[in-house]
*Asks:* 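Pasting a structure below so you can have a look.
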2 protein chains.
Amino acid sequence: MLSFTEENYLKAIYHLSKEGSEPVLTNDLAKSVRTKAASATDMVKKLAAKKLISYRKYYGANLTTKGKTEALMVIRKHRLWETFLVQALGFMWDEVHEVAEQLEHIHSKRLIEKLDEFLNYPKTDPHGDPIPDRNGKIQQTAAISCDQLEKGKSAIITAVKDSSGSLLKLLDKIGAHPGKKIKIIACEPYDKSVEALLDGQRVFISHEVSKNILVKE
Amino acid sequence: MLSFTEENYLKAIYHLSKEGSEPVLTNDLAKSVRTKAASATDMVKKLAAKKLISYRKYYGANLTTKGKTEALMVIRKHRLWETFLVQALGFMWDEVHEVAEQLEHIHSKRLIEKLDEFLNYPKTDPHGDPIPDRNGKIQQTAAISCDQLEKGKSAIITAVKDSSGSLLKLLDKIGAHPGKKIKIIACEPYDKSVEALLDGQRVFISHEVSKNILVKE
DNA sequence: ATAATAATTTAGATTACCCTAAACTAATGT
DNA sequence: ACATTAGTTTAGGGTAATCTAAATTATTAT
Ligand SMILES: [Mn+2]
Ligand SMILES: [Mn+2]
Ligand SMILES: [Mn+2]
Ligand SMILES: [Mn+2]
């Protein structure tokens, strides 16, 4: 059975290696799990010894099939719990991430299956992120971020990149949730901010924010 | 913030000191948390340094007000989660204890309040044990165990002492759940087993089992 | 009062995870 | 080729929780 810490490292490696192609660098990994590079090196050696990643000194780490499955199971739990907290317990979408960071480490196959059933097998979490199924299959959405959307084009918001409370609260204010229709009216060259229509409502979005909104045309 | 382990020790001390009167002995505590006496001594010193217990060498440990509140909060979480698992997720009452042992250590005031609300503020858990409220108030039931019930007397089952899966499965079979009416028909002097009526059904209960059934006249 | 026994504490290690500081490697610029 | 630099690893320790074995204390029996 994997420890709390091992699970967090695997999850971080998964998120940092865009779809498993590029190797994950030690410094990036350390930053992601909020430790120092020396600690990340130690853990990466340990995970390699357990055949959860392949690792080459000074080069980086890649998940093995086994490691990827483990990572996806942690992500599955995280996103199912977030969905539960919003849908069943009435949490706001900006309040769930921290609690889910704890709940994702509960070890019980039965619990997560029952939870999935209780929620009626949701496809995405409150932030629009896809939930891996029991076999670790995850549907990859070929989404682009809002700042790359052309002027005049319409799209549907699918997900939000950043799970920080401050961004989510801001998006709440302007009404930018997954599922909503967005259309770019104008783009300021000076600061790359955009003027858009969100379900008919005119809104102004900074570049910092629009980068974190994922849309599908 | 208390660690996983500290919380488990506090909970064990609470359960071992019948309502806080008697001091808890090191060996008993060690057995309860499944470690060795030496480890229990270390932890007991640590908890005393944090003013969660009072401790006298070779004599034993007692919860302080602060420690008792912490213990009751862990017990509150444990029992609310058990209730959730049975009522919302459809677990059997013999499957919930192990998972609740993990869930009870999730740190989030908001989560537990929301869970309590979702469950409509239950008074007892699936095993009939009282659930402390948000302030740590717990209603003490003056129950006696079934083996002390006199012949011919009727009573209501209020709770089950032991949370082991094998006992709970057995009680399921004979239909002995909290809320049910039980009446002792006969008691065998040889093995102290009893013949009883459980909602009209005639059942035979061994002494080992009847000791673990709590009833209220 | 003394000896035997049971319970408890202390001493000294171990493991997992994390840290700082020093050493090393790979890449880059001159 | 050589020096600089950024990134990474190694060396050496620290803390929390655990363990075994030895020492200590309290209790009971003679
Ligand atoms: Mn999240
Ligand atoms: Mn999410
Ligand atoms: Mn329980
Ligand atoms: Mn219970």
Side-chain angles (χ1 to χ4, degrees), chain A residues 1-18 22-63 67 70-71 74 101-102 104-107, chain B residues 1-18 22-63 67 70-71 74 101-102 104-107:
Chain A
M1 190 124 63
L2 298 177
S3 74
F4 190 100
T5 312
E6 290 168 332
E7 289 187 339
N8 279 338
Y9 271 91
L10 288 177
K11 189 170 57 126
I13 295 169
Y14 179 87
H15 286 311
L16 290 171
S17 72
K18 331 281 179 193
E22 298 144 49
V24 174
L25 307 178
T26 303
N27 268 349
D28 296 343
L29 182 54
K31 192 163 290 172
S32 177
V33 299
R34 293 193 164 75
T35 56
K36 299 301 154 67
S39 308
T41 299
D42 283 350
M43 180 53 82
V44 134
K45 281 191 212 161
K46 196 174 150 192
L47 294 174
K50 289 191 176 191
K51 312 272 189 203
L52 292 159
I53 61 171
S54 59
Y55 165 61
R56 244 182 57 212
K57 265 184 173 189
Y58 297 103
Y59 174 77
N62 281 99
L63 291 172
E70 293 289 350
V74 178
E101 285 290 310
Q102 296 179 60
E104 71 188 8
H105 302 291
I106 303 289
H107 291 294
Chain B
M1 190 122 65
L2 299 176
S3 74
F4 189 101
T5 313
E6 290 168 332
E7 289 187 340
N8 279 338
Y9 271 92
L10 288 176
K11 190 171 57 125
I13 294 169
Y14 179 87
H15 285 311
L16 289 171
S17 72
K18 331 280 179 193
E22 299 144 48
V24 173
L25 306 179
T26 303
N27 267 348
D28 297 343
L29 182 55
K31 192 163 292 173
S32 177
V33 299
R34 291 192 165 74
T35 54
K36 299 300 154 68
S39 308
T41 299
D42 285 348
M43 180 53 81
V44 133
K45 282 190 210 162
K46 195 174 152 193
L47 294 174
K50 289 191 178 192
K51 311 273 189 202
L52 293 160
I53 62 171
S54 60
Y55 164 62
R56 246 181 57 213
K57 265 184 173 188
Y58 297 102
Y59 174 77
N62 281 98
L63 292 171
E70 292 289 350
V74 179
E101 284 290 310
Q102 296 179 59
E104 71 187 8
H105 302 292
I106 302 290
H107 291 294

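All chains are named by letter (A, B, ...) in the order of the sequence lines, taking the proteins before the strands, and each is independently numbered beginning at 1.
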*Asks:* Taking atom types as modelled, is there a side-chain donor on A:S39 or A:Y9 under 3.5 Å from an acceptor on the other?
*Replies:* no
*Asks:* Which parts of residues 34-42 of chain B get close to DNA chain D, meaning a heavy atom less than 4.0 angstrom away?
*Replies:* B:T35, B:K36, B:A38, B:S39, B:D42
*Asks:* Looking at DNA chain D, which of residues 3-15 of chain B put a heavy atom within less than 4.0 Å of it?
*Replies:* B:S3, B:T5, B:Y9
*Asks:* From A:L25 CG over to A:K31 NZ, what is the distance, rounded to the nearest 0.5 angstrom?
*Replies:* 11.5 Å
*Asks:* Rounded to whole Å, how long is the line connecting atom CG of B:L25 with atom P of D:dT27?
*Replies:* 11 Å
*Asks:* Does a side-chain heavy-atom distance below 4.5 Å link A:L52 with A:L10?
*Replies:* yes
*Asks:* So, do A:E7 and A:E104 sit near enough that their side-chain heavy atoms are less than 4.5 Å apart?
*Replies:* no
*Asks:* Would you kindly give the CG-to-P distance between B:L29 and D:dT18, to the nearest whole Å?
*Replies:* 11 Å
*Asks:* Around A:K51, counting heavy atoms of other residues, nucleotides and ligands shown, do more than 12 lie under 6.0 Å from its NZ?
*Replies:* no
*Asks:* Decide yes or no for A:E6 and A:E70: does some side-chain heavy atom of the first lie under 4.5 Å from some side-chain heavy atom of the second?
*Replies:* no
*Asks:* For the atom pair CG (B:N8) and OG1 (B:T35), what is the distance rounded to the nearest 0.5 Å?
*Replies:* 10.5 Å
*Asks:* Drop me the distance from A:L2's CG to A:H107's NE2, to the nearest 0.5 angstrom.
*Replies:* 7.0 Å
*Asks:* Quick one, which residues of residues 49-62 of chain A touch DNA chain C with a heavy atom under 4.0 Å?
*Replies:* A:Y58
*Asks:* Give the nucleotide from the list D:dT10, C:dA7, D:dT9 with an atom nearest to the side chain of B:N27.
*Replies:* C:dA7
*Asks:* Would you say A:T26 and A:V44 make side-chain contact, with heavy atoms under 4.5 Å?
*Replies:* no
*Asks:* Answer yes or no: is there a side-chain heavy-atom contact under 4.5 Å between A:T5 and A:V33?
*Replies:* no
